Structures are given as C-alpha cells and as structure tokens.
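Right, I'll just put the structure down here and ask away after.
Just so it is clear, the model here is predicted, and its values are computed rather than measured.
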Amino acid sequence: MQIRDTAAGYGLPTRAVHWIMAVAIIGMYVLGLWMVELNYYSPYYQSAPNLHRSVGILLLILLTVRLGWRLANAHPADDELSPIERWGAKIVHWGFYPLLFALMVSGYLMSTADGRPIEVFDWFSVPAIIEDKGMEKTAGEIHETLANITMIVVLLHAVAALKHHFFDCTRILTRMWSGPEKN
C-alpha cells in the first residue's frame, strides 16, 4: 500500500481524502438545497443547518490538511494529457482550493454573523470572529453563488475524468481510484 504520492500515482491518503471530500461536497450541496426550503415547523429546521455547518467546518479542516499534503508530495506524471489538457487540469485542480476555501468561509461568516459560535457536533466550538447581522444576507448570497460554481466545476472535473478513462483510455481516473499500477 503506497502512502506518499509519486510520479506513478496517488497514495492512499490522497485518494481517500479526494473521495471523502467529493462525496461530502456533493452531499452538502444537496443538503443545502433541501434545507433552505424547510419551514419553521419542520422537524429538521434546526438539525439540518447544524449538520451542514458541522460538516462544513470539518471540510475546511480537511481542505487545509489536503493542501498541506499536496504541497509536501510529488504529483503524478501527466504525460498522457495534451498540453491544453495539462493546462486545464492545473487550473481546475489548483482552482478548487481557493473556490472551496471561499465557499466555506462565506458559510462560516453567514453562520456567525449574529455573534454565536458554530458548534461542531458538540465536539468543539468555532467562535465568531466578526459580528455583523447585515453580513448574513451578503455572505449567504456569496455562499449560494460559490456553491453553484463549485458544482459546475465538479461536473466539468468528473466529465473530464470520464472522458480520459472511456474515450482516451488513460489511467487518469484509475490512479485516483486504485493508485499506481502494480509492477
């Protein structure tokens, strides 16, 4: 079992975090769409946003760890890609970090605008840094826009991976699923 990323492929930590974050981010988007439609009398009116905020904070921590791991590891070779595909992949992969960071920070600002901390599954609290009740609406609009942009980029990323796998017959998708080829 390979731990570190190499030119031959991704190690287990990278692959695990990639798929955990992929499933969680898509799940958070669906949860967000559902929870904004809840009314005050719904039994999930409090619990859905609390779950969304808690998972969002954990994703922010995981995103930070993932960026550190990415900077400390080699990157698999992209010889199978054309120069334009390499450029596009680099833009999308590195673009995910600031996009997701901004998405999560806007959610944090929206949630803490009233000065209350975010309780993360009753494990720990993340205090409010800025208290500004007017900020909730603006941060919410930014959060929604960034969530929609994130889903568009996720879709493009998935379509590109499937194209590389099924049409180009490369190992681009396989190495993120099962790691480097066994010799």
Could you pull out the closest heavy-atom pair between Trp177 and Arg15, with the gap in Å? O-NH1, 3.5 Å
Locate the shortest heavy-atom distance separating Pro13 from Gln2; write the atom from each residue and the value. CD-O, 4.4 Å
Separation between OH of Tyr97 and CZ of Arg70, rounded to the nearest 0.5 Å: 6.5 Å
If every non-hydrogen atom of Arg171 is compared with every non-hydrogen atom of Ala8, which pair is closest and at what distance? NH1-O, 4.4 Å
What pairs meet the ring-ring contact (aromatic ring centres under 6.0 Å, His included) rule with one or both residues in residues 47-86, with sequence neighbours excluded? Tyr10-His75
For Thr170, is there any backbone N or O sitting under 3.5 Å from a side-chain donor or acceptor partner on Thr174? no
With rounding to the nearest 0.5 angstrom, report the CD1 to CG distance, Ile118 to Asn50. 10.0 Å
Going by an N to O cut-off under 4.0 Å, is there a salt bridge joining Asp78 and Arg86? yes
Which heavy atom of Leu59 sits nearest a heavy atom of Ala24, and at what distance? CD2-CB, 3.8 Å
Tightest non-hydrogen contact, residues Pro76 and Gly9, listed as CG-C, 3.6 Å
Locate the shortest heavy-atom distance separating Ser54 from Val120; write the atom from each residue and the value. OG-CA, 3.4 Å
Grouping I, L, V, M, F, W and Y whenever their side-chain heavy atoms are under 4.5 Å apart, do Leu99 and Tyr29 come out in a common cluster? yes
Drop me the distance from Asn73's CG to Ile3's CD1, to the nearest 0.5 angstrom. 10.5 Å
Checking Asp168 now: which residues fulfil side-chain hydrogen bond (donor to acceptor under 3.5 Å, both in side chains) with it, not counting sequence neighbours? Lys163, His164
Take a 6.0 Å sphere around CZ of Phe167 and say whether it holds more than 12 heavy atoms from other residues, nucleotides or ligands. no
Should the ring pair Tyr40 and Tyr45 be called parallel, tilted or perpendicular, given that the plane angle runs from 0 to 90° and is split at 30 and 60? perpendicular
